[in-house]
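Quick notes on the structure that follows.
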Amino acid sequence: MIRDQIAELVTKAIKKAQHKGDLPKYASPPVEIARPKDTGHGDYTTAVAMQSARFARMAPMAIGQAIAKRLPQVDYLDAAEVVPPGFINFRLSERWLAGQVAAIEAAAGRYGDVDLGHGQTCQVEFISANPTGPLHMGSARNAVLGDVVASLLDAAGYAVQREYYVNDAGTQMRTFAETLYRRYQQALGQAAPLEPHHYQGTYMLDLAAAVIAEHGDRFLSMAEEDAIAALSAIGETLELASIRESAAGLRIHFDRWFTEKSLYDDGIFERVMARLRQAGLTELKDGAVWLRTSALGSDRDEVLIRSDGRPGYYASDVAYHYDKFVQRGFDRVIDVWAVDHQNQARRMPHLMKALGLDPDRLTIVLYDLVRLYRDGQEVKLSKRSGDIVTVDEVLEEVGADAVRFLLLTRSNNSVMDFDLNLAVQQSDENPVYYVQYAHARMASILTTAAERGFQPDRWAVADTALLQHPAEMALLRKMVELAEVIEKAATQLAPHHLAFYALELAGVFHAFYRDCRVVSSDPADVGVSYARLRLVAATKAVFARVLGLMGVNAPDSM
RNA sequence: GCCCCCAUAGCUCAGUGGAUAGAGCGUCGGCCUCCGGAGCCGAAAGCGCAGGUUCGAGUCCUGCUGGGGGUACCA
């Protein structure tokens with residue numbers, strides 16, 4: 001990346017200046033290259049001269065000039081400037097910027113990729129909602145976040161796998177099956193009232209009806225436990241199908257659906273427990289089996305097997321992550337969880353240590369809750385109370401592009417207010433359309449040009465050295481930034497940077513459109529027109545790339 | 001009580017310790033005689049409070065206020 005190259009130039013220049021005696025010998029702070037807020041200060045800047053002042057015992061300006069004096073000439077930069085109070089500013093050369101058009105074309109849809117992962121395998125596990133009801137809007141944030149994190153890691157050089165963990169072995173599943181059984185009985189004329197802990201949602205009535213349509217009344221004659229077991233499996237299958245469909249509606253597809261049950265059925269759970277036992281990390285206390293995480297840096301131990309003999313959720317987590325890292329050998333794993341699992345997240349490093357794994361290989365992405373508003377009132381989401389807003393409903397009203405983009409314009413740890421009325425009512429004013437409009441406009445320019453006799457095979461090889469207008473340069477500069485945005489977003493696992501970048505890129509494109517006539521009827525402009533058409537085509541590709549990473553469509557017309 | 005997150009424009013939100021804090025929506029005023037006005041240009045408007053660290057703080061530290069979340073042999 002160009003920014004890293006500049007950092008290296010400066011680092012070498014400092015050493016050289018010290019070697020030549022322009023600077024005293026001191027341990028330089030690491031050179032950090034930043035983007036100035038004000039483009040008038042150039043494309044890149046470093047404050048290293050100011051940071052070095054107390055070590056060098058020199059004025060920042062003098063240090064800056066000593067460094068600048070030893071900077072080599074490179075084709076991608078104009079001469080560096082040292083300005084008070086000691087910034088060293090760099091500007092990308094226009095010739096190099098114009099050459100980026102060819103670089104974008106050569107990247108063939110992967111412009112902006114960075115190599116942080118070096119091909120390591122990385123699993124991203126997300127959504128993982130219990131298959132006890134339809135996907136609701138709380139999960140939508142998880143869904144979009146996880147999906148785009150996965151895309152970002154792919155762009156950052158990881159071999160990524162998307163996985164959905166099906167919690168089908170716990171208490172929630174049992175409650176779900178009991179509820180289904182009672183709704184089933186009710187639908188067939190029997191008195192079987194729900195209890196408060198059962199799922200109250202009306203979707204359970206539909207589910208019971210679906211079961212009756214398919215299987216009739218045959219479960220009535222079975223023993224209750226057998227019926228519940230059968231209905232549990234049937235219900236799970238139906239709910240998973242529904243979740244899969246809703247996820248597809250959000251344009252999300254998983255490489256694998258991993259069931260909690262398989263941990264027990266395939267012997268993985270027993271293997272992990274034996275391993276922990278052998279490591280001397282388990283302890284019997286009050287009739288339960290505990291994992292001695294207090295010996296691994298935790299302030300408490302965790303229950304593995306409850307005194308009733310059933311495994312607790314922590315034990316599932318241990319077994320599941322054992323499977324991820326040891327059985328399947330992922331180099332890195334990302335789990336995407338809502339912030340109400342923060343306590344669980346804190347315990348994960350101890351789990352890793354118990355398995356003898358480096359805790360840094362596991363990252364938990366926590367995101368804050370989505371608060372839904374309808375008619376000015378907050379809508380509480382709870383599957384148990386039955387008060388839910390489903391992903392399907394919102395998709396139907398707002399559409400996947402708007403939902404995804406809206407969810408991506410918030411940083412992970414901000415509580416998000418999602419006004420359903422506003423989302424629908426203002427859909428035409430939604431920022432996603434601002435970005436998509438820019439893309440459609442580019443497509444339109446290219447087709448208009450072709451209609452007026454400009455030939456695509458000629459603009460594909462146009463002379464980009466003719467690109468010199470400030471608006472053209474601004475557009476190129478913004479596109480060069482993409483690699484930095486991808487690196488930042490992938491490092492922080494914070495996809496919202498992409499959304500804001502897309503808005504900025506749209507902004508500079510619209511400015512270019514305003515200032516630079518692309519398709520001109522003046523014969524004197526033919527050369528520039530062709531160069532600009534090539535630039536527009538490249539910009540369109542970058543736009544499609546950014547939107548693609550976000551899972552948002554890049555339409556040619558709207 | 002203790003722990004975590006948050007507090008930036010009227011609203012919803014960005015902002016890697018740097019040089020004049022941004023966007024969308026909303027408000028007000030402008031702009032279509034060759035490329036899409038779902039656009040562009042301009043205006044009003046902001047870092048919760050009090051200390052501290054630093055050459056430099058929206059950003060780091062402490063306290064306070066307000067909001068959210070967490071503190072189980074539930075997940």
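Order of the sequence lines fixes the chain letters, A, B, ..., with proteins taken first and strands second; residue numbering starts at 1 for each chain.
B:C28 and B:A9 are spaced 15 Å apart, taking the C1' atom of each and rounding to whole Å. Going from the C1' atom of B:C40 to that of B:C5 covers 39 Å, rounded to whole Å. As rounded to the nearest Å, B:A14 and B:G58 have C1' atoms that lie 12 Å from one another. Comparing the P positions of B:G15 and B:C6 gives an interatomic distance of 11 Å, to the nearest angstrom. Taking atom C1' on both B:C60 and B:A72, the two are 36 Å apart, rounded to the nearest angstrom. Nucleotides B:U12 and B:A57 place their P atoms 29 Å apart, quoted to the nearest Å. The C1' atoms of B:C2 and B:U8 are separated by 29 Å, rounded to the nearest whole Å. Going from the P atom of B:A7 to that of B:U59 covers 11 Å, rounded to whole Å.
Side-chain contact annotation: A:His321 with A:Asp335, donor-acceptor N/O pair under 3.5 Å present. Side-chain atoms of A:Thr45 and A:Asn89 form a donor-acceptor pair, as typed in the model, at a separation below 3.5 Å. In the model, A:Asp317 has a side-chain atom that pairs as donor or acceptor with a side-chain atom of A:Gln344 under 3.5 Å.
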Quiz item: Please walk me through it: do A:Asn553 and A:Leu547 pass side chain to side chain contact (heavy atoms under 4.5 Å, CB included)?
Solution: CA-CA 6 Å; A:Asn553 281 330; A:Leu547 289 174; over 6 Å; no

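Look at CZ on A:Arg141: it is 11 Å from C1' on B:C13, rounded to the nearest Å. Rounded to whole angstrom, the span from the CE atom of A:Met416 across to the P atom of B:G69 amounts to 17 Å. Going from atom CZ of A:Arg371 over to atom P of B:U12 covers 10 Å, rounded to whole Å. Between the CG atom of A:Leu366 and the P atom of B:C3 there is a distance of 18 Å, rounded to whole Å. When rounded to the nearest whole Å, the span between CZ of A:Phe509 and C1' of B:A38 equals 14 Å. Atom CD in A:Glu302 sits roughly 12 Å away from atom P in B:C74 (whole-Å rounding). A:Asn412 has its CG atom 13 Å from the C1' atom of B:C6, to the nearest Å. Rounded to a whole Å, the CZ atom of A:Phe543 is 12 Å from the P atom of B:G39.
Checked by distance alone, A:Ser307 brings a side-chain donor or acceptor within 3.5 Å of a matching partner on the base of B:C73. No hydrogens or angles were tested; on distance alone, a donor-acceptor pair under 3.5 Å links the side chain of A:Asn89 to the base of B:A19. One cannot find a donor-acceptor pair under 3.5 Å joining the base of B:A14 and the side-chain atoms of A:Ser414.
With B:A75, B:C13, B:G36 as the choices, the nucleotide that has an atom nearest any side-chain atom of A:Arg410 turns out to be B:C13. The nucleotide whose nearest atom lies closest to any side-chain atom of A:Arg517 is, among B:U16, B:C34, B:A19, B:C34. Comparing atom distances between the A:Lys37 side chain and each of B:A19, B:G68, B:C73 picks out B:A19 as nearest. Among the nucleotides B:G18, B:A19, B:A75, the one closest to the side chain of A:Ala47 is B:G18. When distances are taken from the side chain of A:Tyr513 to each of B:A14, B:C35, B:G39, the shortest belongs to B:C35. Here the nucleotide nearest the side chain of A:Arg346, chosen from B:C74, B:C3, B:C40, is B:C3. Closest to the side chain of A:Asn130, from the set B:G68, B:C73, B:A75, is B:A75. The side chain of A:Pro431 lies closest to B:G24, out of B:A75, B:C40, B:G24. Side-chain proximity of A:Leu503 to B:A23, B:G36, B:A19: nearest is B:A23. Comparing B:A14, B:C35, B:U16 against the side chain of A:Ala34 picks out B:U16 as the nearest.
For B:G36, one of the phosphate oxygens OP1 or OP2 lies less than 4.0 angstrom from a side-chain nitrogen or oxygen of A:Thr448. Considering only side-chain N and O atoms, A:Asn167 lies nowhere under 4.0 angstrom from the phosphate OP1 or OP2 of B:A75. Checking the phosphate oxygens (OP1, OP2) of B:C40, no side-chain nitrogen or oxygen of A:Tyr437 falls inside 4.0 Å. In this structure, A:Arg306 reaches the B:C74 phosphate: one of its side-chain N or O atoms is under 4.0 Å from OP1 or OP2.
The pairing partner recorded for B:G17 is none, the criterion being a Watson-Crick or G-U wobble arrangement whose two distances lie under 3.5 angstrom. If you check B:G1 for Watson-Crick or wobble pairing at under 3.5 angstrom, you find it paired to B:U71. Taking a pair to require two hydrogen-bonding distances under 3.5 Å in either a Watson-Crick or a G-U wobble arrangement, B:G58 remains unpaired. Pairing of B:U12, defined by two Watson-Crick or G-U wobble distances under 3.5 Å, is identified with B:A23. Judged by Watson-Crick or G-U wobble contacts below 3.5 Å, the nucleotide B:A45 has no partner.
Stacking between A:His41 and B:A19 is shown: the ring centroid lies under 5.5 Å from the centre of the six-membered base ring, and the planes differ by under 30°. Once the 5.5 Å centre distance and the 30° plane angle are applied, the aromatic ring of A:Tyr313 is found not to be stacked with the base of B:C74. Stacking of the aromatic ring of A:Phe87 onto the base of B:A19 is found: the ring centres lie under 5.5 Å apart and the planes are inclined by under 30°.
Between A:Phe543 and A:Phe509, the gap from one ring centroid to the other reaches at least 6.0 Å.
Considering only heavy atoms from C-beta on, A:Met416 stays 4.5 Å or farther from A:Tyr367 through its side chain. Put simply, the side chain of A:Leu476 reaches to within 4.5 Å of the side chain of A:Val101, judged on heavy atoms.
Using a 4.0 Å heavy-atom distance criterion, A:Ala338 is classed as making no nucleic acid contact. Heavy atoms of A:Val536 sit nowhere under 4.0 angstrom from any nucleic acid atom. Across all strands shown, A:Gln51 has heavy atoms under 4.0 Å from base atoms, whether or not it also approaches the sugar-phosphate. Note on A:Thr45: a base of the nucleic acid sits closer than 4.0 angstrom, heavy atoms only. Residue contacts shown for A:Val339 are limited to sugar-phosphate atoms, with no base heavy atom under 4.0 Å away. Base engagement by A:Ser521 is indicated by at least one non-hydrogen atom pair under 4.0 Å involving a base atom. Using a 4.0 Å heavy-atom distance criterion, A:Leu304 is classed as making no nucleic acid contact.
Figure legend: A:Arg371 and A:Phe418 shown without cation-pi pairing, the cationic atom not lying both under 6.0 angstrom from the six-membered ring centre and within 45 degrees of its axis.
Comparing A:His497 and A:Asp522 by the nucleotide of RNA chain B that holds the closest heavy atom to each, the one mapping nearer the 5' end is A:His497. Comparing A:Gly287 and A:Met50 along RNA chain B, the residue whose closest nucleotide (by nearest heavy atom) sits nearer the 5' end is A:Met50.
The two residues A:Tyr164 and A:Ala129 have their closest heavy-atom pair at OH-O, 2.7 Å.
With A:Tyr320 as the fixed residue, the ring pair (Phe, Tyr, Trp, His ring centres under 6.0 Å) test singles out one of A:Tyr313, A:Tyr165, A:Tyr264, A:Phe269: A:Tyr165.
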